[in-house]
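See below for the structure under consideration.
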Amino acid sequence: MNKVLRVGLGLLLLATVAGWSAADTRGPVPWPAVLAETLAASLDDPQTALEPARRQAVAANGEERFWRWLAVSRLEWALEMDDAQAHSLERAAEALAGVPQPSPDATRWLRAAQLRLAGLGADAPAQLPALAALRAELPPGPAVLRCEVLDAETWLLNEIGSLDEAWRLAEALQACGEETGWPFFAAQAAVIQGQIAAVDRGNPEAQTRALAHFERAEAALPPGRARYLHSLIVYAAALAMDDLGLLADAQAYATKALAISRDLGDQAGVAAALIELAASDIKLGRPADALPRLDEAQHLLADLGDGARPLRVQGLRLRALVALRHPALATELDRAMRLDLSEELPQVAQALVLAMAEAQAALGRHEAAYTGMQRARKLGEQARKLGRDTQVLLLQARYDTARRDAEIADLKHRDNAAQLTLQAQAATQRALWGVLAALSVMLAAAATLGWRAWRSRRELADLALRDDLTALPNRRAIEAYARAQLAQSQRLGLPFTLVLLDLDHFKQVNDRFGHPAGDALLQALARVVPQVLRAPDRLGRWGGEEFMLVLPGTRGDEIGGVFARLLSAFATVDATGLPSPHGVTFSMGGVEAGPAVGFDALVAAADERLYAAKDAGRATWR
């Protein structure tokens, strides 16, 4: 499992009270006292803080015993001692059960820690609704636990590949830090955003943007007293550079993280950096250098209880042995094939299954290699589906929350109306003119509400116009929606981006496979793209094979990420009459609206960028 993401749920959220609270004159919202006391020392060296914390937990009584064991579990989480952490949480739960009247905060912190631990492995997505429910039940006002839960949700979403939602919650996490007066929450948000920014490999500015986020995370650290947290940020930068294909930079950052972790005696940190260095060695054509690193990492991981990272070691070892044509390949492959992958996330299992397929092919077992590749493809589809399903689940949860809020508001409105009716009846007994006046007001209000309801239905009917072929909003409907969203965004000072999307070489599809196949391709695009979009985003058919994408709340610098996700989803969808995969791509031109730009000017600018993308070779964006 990704080391920097895991510890984001632990020490990166637990800064030294003296170091960071002094930076905020308002006075920060306090941590639970024992957590602050125990974990203040963990920023620089959590390994050293662990044993004293355990002794204090054993000696404590009452509710303090609970908080002590909870603090121990958080240190074990940061050091990736999963089995030990599970044991400490059991001790914390036992201690809390023995308290006659535990505080509500204690119960909620325990639930948060249990959900965080349950987020490891294949059951990770199932914890998201419970985390959201826990956050919703917190009392109004700034709360450190709200930031904690937000961080847990952000980490899980990033881990399963739901990047849009992860970015949204990272922004909420940063805002939570500002509300509570603890700026280091921004550090965790910046680390997540840096890793997400690195996914956009097609963007020439991706490296600059990713590193800017990591620099922002560094800026939140107390100078000279946070070696451990510094190692996490450096390690995150190594992962980001590897995602961008900048292997020399990745090795430089990983080497730096390795040196810090060795100095601290952090086994998990040393193992993580060694694995990253070994992965780069293999990609750089130095598989012999990778094997001793992997041997040391495997030895260090033996006592930690982390299931995902040993699987990555196994996969990398197979790749190195394949590249070296090593005689131990068959033995190593047999060992890998006996591993149970059922409890892992599909993207974790997929990497090892691909490595096993490559090993089968190198050994001449081509039928087994083909079966392995098919299995890896299915795991990849499961991983993509998991990200999409999670996003739909979260959008549905937000919709349900909004609906409940609306129902509550409606009930309050009805209660107010009932009280007004009673007052009107009392007024009737006092004076006939009062009754007439009240009736006049009510009739006027009813007429106004009726007119507004009629106008809303008329506008919705106009916007509901659909394209016959794709069932998407047609040109008139998508233009009306875009104009309305543009006006609202400019009025509220929110970002707004308009995109024109055009299928590449669509005429060749019609000429080669026939117009029915071309129609099926348009329908496939219309079917898959909305599944990847957020609730307020809207896709409409602009004309022919050209579509308009309306992105309220999206900045211009996020277009690259939107393009990558849409193109990846479109590549996997089937279209009747075309081969699978169909191999068709599209180009995009998008522009963020300024505070006073009009709709027509925005469309013209997006059109120019679309042509620029076409001129740049298609299958890209501008």
Side-chain angles (χ1 to χ4, degrees), residues 162-172 193 196-197 199-206 208-210 212-213 391 395 398 463 472-473 475 477-503 525-526 528-543 546-570 585-614 616 618-622:
S162 187
L163 301 185
D164 282 340
E165 290 295 316
W167 188 281
R168 185 183 67 83
L169 286 190
E171 292 177 334
Q193 290 173 326
I196 295 175
V199 174
D200 189 11
R201 294 187 61 171
N203 188 336
E205 298 179 0
T208 301
R209 290 175 179 172
H213 289 298
Q391 185 159 329
L395 290 173
R398 289 210 298 274
L463 291 174
L472 291 173
R475 184 177 184 122
I478 194 64
E479 178 177 341
Y481 182 74
R483 287 182 182 275
Q485 291 296 322
L486 173 62
Q488 179 173 311
S489 298
Q490 290 174 333
R491 184 171 63 254
L492 298 177
L494 299 174
F496 176 88
T497 296
L498 188 74
V499 172
L500 290 179
L501 181 155
D502 189 83
L503 291 175
L525 177 70
V528 72
V529 167
Q531 298 176 8
V532 187
L533 298 177
R534 303 168 306 159
D537 301 339
R538 193 70 54 85
L539 179 73
R541 191 175 182 188
W542 194 241
E546 191 173 8
F547 296 81
M548 174 175 285
L549 183 57
V550 182
L551 303 172
T554 298
R555 300 185 301 272
D557 58 5
E558 297 176 87
I559 297 176
V562 174
F563 172 79
R565 290 189 292 278
L566 297 187
L567 188 61
S568 175
F570 181 53
T585 60
F586 58 77
S587 302
M588 277 181 20
V591 61
E592 182 177 352
V597 68
F599 173 76
D600 294 333
L602 201 60
V603 172
D607 196 48
E608 289 180 3
R609 294 193 179 183
L610 174 60
Y611 277 102
K614 292 285 188 181
R618 295 179 169 85
T620 187
W621 63 276
R622 287 294 183 269

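Side chains are part of it too, since the values below use all heavy atoms of this structure and drop only hydrogens, waters and symmetry mates.
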Within this structure, what is the [atom1]-[atom2] distance for the pair [X] and [Y], rounded to the nearest 0.5 Å?
X: T585; Y: R618; atom1: OG1; atom2: CZ; result: 8.5 Å
X: L566; Y: Q531; atom1: CG; atom2: CD; result: 11.5 Å
X: E558; Y: I196; atom1: CD; atom2: CD1; result: 10.0 Å
X: E592; Y: S489; atom1: CD; atom2: OG; result: 10.0 Å
X: L533; Y: D164; atom1: CG; atom2: CG; result: 8.5 Å

Heavy-atom check, side chain of [X] versus side chain of [Y], under 4.5 Å:
X: L498; Y: L549; value: no
X: F547; Y: I478; value: no
X: T497; Y: I559; value: yes
X: D600; Y: R483; value: yes
X: D537; Y: P552; value: yes
X: E479; Y: V603; value: no

List the steps and the verdict of side chain to side chain contact (heavy atoms under 4.5 Å, CB included) for W542 and L500. CA-CA 8 Å; W542 194 241; L500 290 179; 4.2 Å; yes
Could you walk me through whether V562 and V499 pass the side chain to side chain contact (heavy atoms under 4.5 Å, CB included) check? CA-CA 10 Å; V562 174; V499 172; over 6 Å; no
Which atom names give the shortest non-hydrogen contact between [X] and [Y], and what distance separates them?
X: L525; Y: L539; value: O-CD2, 4.4 Å
X: L486; Y: V597; value: CD2-O, 4.0 Å
X: T620; Y: A613; value: CG2-O, 3.5 Å

Under the ring pair (Phe, Tyr, Trp, His ring centres under 6.0 Å) test, which residues partner W167, sequence neighbours left out?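 W167: ring pair (Phe, Tyr, Trp, His ring centres under 6.0 Å) contacts with H213.
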Run the ring pair (Phe, Tyr, Trp, His ring centres under 6.0 Å) test against F586 and tell me which residues pass, sequence neighbours left out.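 F586: ring pair (Phe, Tyr, Trp, His ring centres under 6.0 Å) contacts with F563, F570.
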Keeping [X] on the side-chain end and [Y] on the backbone end, is there a donor-acceptor pair under 3.5 Å?
X: Q485; Y: A482; value: no
X: R609; Y: G590; value: yes
X: R541; Y: M548; value: no

Can you check salt bridge (charged side-chain N to carboxylate O under 4.0 Å, His left out) on E171 and R168, steps first, answer last? CA-CA 5 Å; E171 292 177 334; R168 185 183 67 83; over 6 Å; no
In sequence, state the C-alpha distance, the side-chain angles, and the governing distance for L501 and S587, and then conclude on side chain to side chain contact (heavy atoms under 4.5 Å, CB included). CA-CA 6 Å; L501 181 155; S587 302; over 6 Å; no
Taking it one step at a time, do D502 and M588 satisfy side chain to side chain contact (heavy atoms under 4.5 Å, CB included)? CA-CA 7 Å; D502 189 83; M588 277 181 20; over 6 Å; no
Side chain to side chain donor-acceptor pair (under 3.5 Å) between T554 and R534: does it pass, once the steps are laid out? CA-CA 10 Å; T554 298; R534 303 168 306 159; 2.7 Å; yes
